[in-house]
Each structure stands twice: as C-alpha cells, then as structure tokens.
Amino acid sequence: MATINVQNISKYYGKQKALDNIQLTINKGEVVGLLGPNGAGKSTLMKILTSFLPPTSGTALINGVDVQEASLEIRKLIGYLPENNPLYTDMYVKEYLRFVYNIYKKTGNPDEAIERIIDLTGLRPEYKKKIGALSKGYRQRVGLAQALIHDPEILILDEPTSGLDPNQLIGIRKIITDLGKEKTVILSTHIMQEVEAVCDRVIIIDKGQIVADDTTANLSNITGKKRSFRVEFKEQISKNILNKLSFISKVELLTDNEWLIESKDSKDIREDIFKFAVANNYNVLSLVQEEQKMEDIFRRLTK
C-alpha cells in the first residue's frame, strides 16, 4: 500500500486561491475523511493527487514519486471515483468494466478480475443491464467497480454516496469499510455520519487551509468545546439551584428530572455533580457524558 505526502501545495484559479500551502501525510492503510464546505478545496486536492490537475506550487508524492512527473505510473496506483461519476451509459456493465480494465493494460485474466469486482461491489443482480438502465445506487457501484478494476493501492472517492437513499447508503458504506481493510482510502463527503462510520482519521479543509487533522475520537479536544453531561435526578431540582454551581456554564431541562449540563471548561465534572447531589441529599439516577457530534465539530471549525 502506498504513502501519500503533500508538501506545501497551493493552487490558484486566476486570482482565486483554492488551496493555500497544504501539507499532510497519509500512511498506508488509513481511511481518511476529507471534509469541508463547498468551495473549500477538497475536489481540487483530489484532482492534484490523481494527476488530473497540476498545483500552482508545491509537490504531491506517492511512494516518493511526484504525481506530476510520473502521472501514468501514479494513475496505476490510484482508483478514482469523481463526484459526478462519469459513465458510458450506452455500455453494458461488464462491457464497460472490460473497457476500463484494458485501459490499464493489466496482465492476468480480465474475466476473473471482472467477476471478482462484480461480486465485491454487489453488481451481480444488475450486471447484464446497460448502465443507463441502472438506478442511482447501482451506478455508484459501477463507479466504484471501475475505480477498483485494476486493484489499486489507493482509493480516492469524491462524494461517493451523494444522492443515495438510506438502503443504498448502507450498501456503499459497507463496501468502503471492507476496502479500508486492504487499501488506503481518501473519502470526501458532506455526510457526517458517514465519516464517523467508516473513517479512522478526519482532515477538515476551510478556505483552502487545513483547520483540523486528527482521529475522530480526538477532534473534540481540538475544538476546545465545553463538555456536556446528561444527568437524571430522582428529585425535581430548580434550574436556579444548578445555575449557581461554579462548575456549570449552562443547563437545559430535557424532561421532568433530566438535565443537559455544560461545564465551564473542558473539565470532567461528573465527580462534582455527584458531590453536589450527596451534599444536598439528591439521588442521581443516571449520568452520562454527551459525545460531541461530528456535525458540531465541523460547524465550529468552518464557521
């Protein structure tokens, strides 16, 4: 599997700066979610990595090879699914996959490769049809199949689940998760649940710059967001009483006796809540720290 190294990449479209001195390394076997608002530079970065677009300055290396100086060699290592998933709709599924396989001039048995990819991407029920007759979900599977037909080390997927219904989403996500066990995957998406479901690491780009790069678990620490806790008391407690506690920043009543409590800083205040309850003869029925959602993190970093 390949290692990706981006060194001081900038990209201008005329006077408009799409990428601003981007630096990052993606190691072998990582599944990386690439997030950002529309126009943040995600697709531009993907096109540079796949040799479709030259940077204005800087260098992108895959296995130590410059993607611009050896573009044909690099493209053999990469499977790319663009956002608009361009397909030849008048071709049959197997016909199209054979066409793509031949472009890469792969050695080996094309029939075996095609059959393997059809099974891997779940195309078996529809593989005898023309691409134009397929549903959106199956067209996305064909797009994945063409990206995989040459058995690349790296997969770059730009909005692979855009426009899919919930059942189709689950199917495509499972395929991506399974592929992540064997390949390096870069996944661009606006669906936060997708990132949490399939990615090991998240890179957030805003206005052409990287504003966060960490595991999904560690991102909450980057944002500096105050911790929130859901606590249920046996007794009814006045909001005024809770607001007077020095370690609490904000309280919200959820049900009769259940509260959402926000700490004044990033401190874990569960012990403080228990001490308050004991001192005042209150009974705590449940106390759980609320997990910060990826959507909240994204908004905080890109607002």
Side-chain angles (χ1 to χ4, degrees), residues 1-6 24-36 42-53 60-63 65 67 70-87 93 96-97 100-101 103-104 106 108 113-114 116-123 137-164 168-191 194-203 205 213 215-216:
M1 291 184 283
T3 299
I4 300 169
N5 193 282
V6 175
L24 62 91
T25 298
I26 298 174
N27 296 314
K28 299 176 181 180
E30 284 192 290
V31 180
V32 178
L34 188 61
L35 304 181
K42 304 185 301 298
S43 293
T44 297
L45 178 58
M46 287 182 159
K47 289 175 181 177
I48 290 172
L49 291 177
T50 53
S51 302
F52 280 87
L53 196 66
L61 306 173
I62 294 179
N63 288 345
V65 178
V67 299
S71 63
L72 290 179
E73 180 183 343
I74 292 301
R75 292 183 195 196
K76 292 178 182 179
L77 298 175
I78 294 175
Y80 179 42
L81 175 60
E83 182 180 0
N84 59 356
N85 191 14
L87 299 169
V93 172
Y96 174 67
L97 294 179
V100 176
Y101 183 92
I103 288 175
Y104 285 101
K106 291 282 292 183
I114 292 167
R116 180 179 62 86
I117 292 301
I118 284 175
D119 287 333
L120 177 65
T121 54
L123 281 168
Y138 274 104
R139 289 193 190 194
Q140 287 297 90
R141 290 172 186 265
V142 174
L144 270 176
Q146 67 80 25
L148 289 165
I149 192 67
H150 59 299
D151 194 24
E153 296 182 28
I154 298 169
L155 271 180
I156 298 181
L157 310 175
D158 196 353
E159 299 287 346
T161 59
S162 175
L164 302 186
Q168 294 167 338
L169 278 172
I170 292 170
I172 296 296
R173 284 178 190 169
K174 185 180 185 307
I175 293 170
I176 294 171
T177 301
D178 291 342
L179 290 170
K181 299 172 183 177
E182 302 176 354
K183 302 180 184 299
T184 303
V185 180
I186 302 176
L187 168 70
S188 171
T189 181
H190 285 104
I191 304 172
E194 193 161 278
V195 173
E196 293 171 326
V198 305
C199 296
D200 309 314
R201 172 181 167 194
V202 178
I203 297 172
I205 297 179
D213 181 359
T215 64
T216 52

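Basis for what follows: all heavy atoms, side chains included, without hydrogens, waters or symmetry-related copies. Keep in mind that this is a model prediction, so the values were computed, not measured. When a residue number appears, it is its place in the shown sequence, counting from 1.
Closest approach of V185 and G180 over heavy atoms only: CG2-CA, 4.1 Å. A145 approaches L123 most closely through the heavy-atom pair CB-CD1, 3.9 Å. In plain terms, the two heavy atoms of G29 and D200 that are nearest each other are O-OD2, 4.2 Å. Residues S188 and M46 share a closest heavy-atom pair of CB-CE, 3.2 Å. Considering every non-hydrogen atom in both I172 and G137, the closest pair reads CD1-O, 4.5 Å. The two residues A60 and I48 have their closest heavy-atom pair at CB-CG2, 4.3 Å.
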Side chains of residues 72-87: which donor-acceptor partners sit under 3.5 Å, not counting sequence neighbours?
{"from": "R75", "atom 1": "NH2", "to": "S51", "atom 2": "O", "distance (Å)": "2.9"}
{"from": "N85", "atom 1": "ND2", "to": "R139", "atom 2": "O", "distance (Å)": "3.0"}
{"from": "N85", "atom 1": "ND2", "to": "Q140", "atom 2": "OE1", "distance (Å)": "2.9"}

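In this structure, CG on L157 lies 9.0 Å from CD1 on I186, to the nearest 0.5 angstrom. Taken to the nearest 0.5 Å, the CD1 atom of I156 stands 6.5 Å off from the CD1 atom of I154.
Taking the ring-ring contact (aromatic ring centres under 6.0 Å, His included) definition, one finds that Y138 meets it with nothing, sequence neighbours left out. Not counting sequence neighbours, T121 has no partner by the side-chain hydrogen bond (donor to acceptor under 3.5 Å, both in side chains) test. Take N5 and apply the side chain to side chain contact (heavy atoms under 4.5 Å, CB included) test, not counting sequence neighbours, and it matches Q7, T25, L61. Applying the salt bridge (Lys or Arg N to Asp or Glu O under 4.0 Å) test to K174 and every residue at least two apart in sequence or in another chain returns D178. The side chain to side chain contact (heavy atoms under 4.5 Å, CB included) check on V100 picks up Y96, Y104, Q146, I149, with sequence neighbours excluded. Applying the side chain to side chain contact (heavy atoms under 4.5 Å, CB included) test to L120 and every residue at least two apart in sequence or in another chain returns I117, L148, L179. Shown here are the side-chain hydrogen bond (donor to acceptor under 3.5 Å, both in side chains) partners of E194, two or more places apart in sequence or in another chain: T161, R173, T189.
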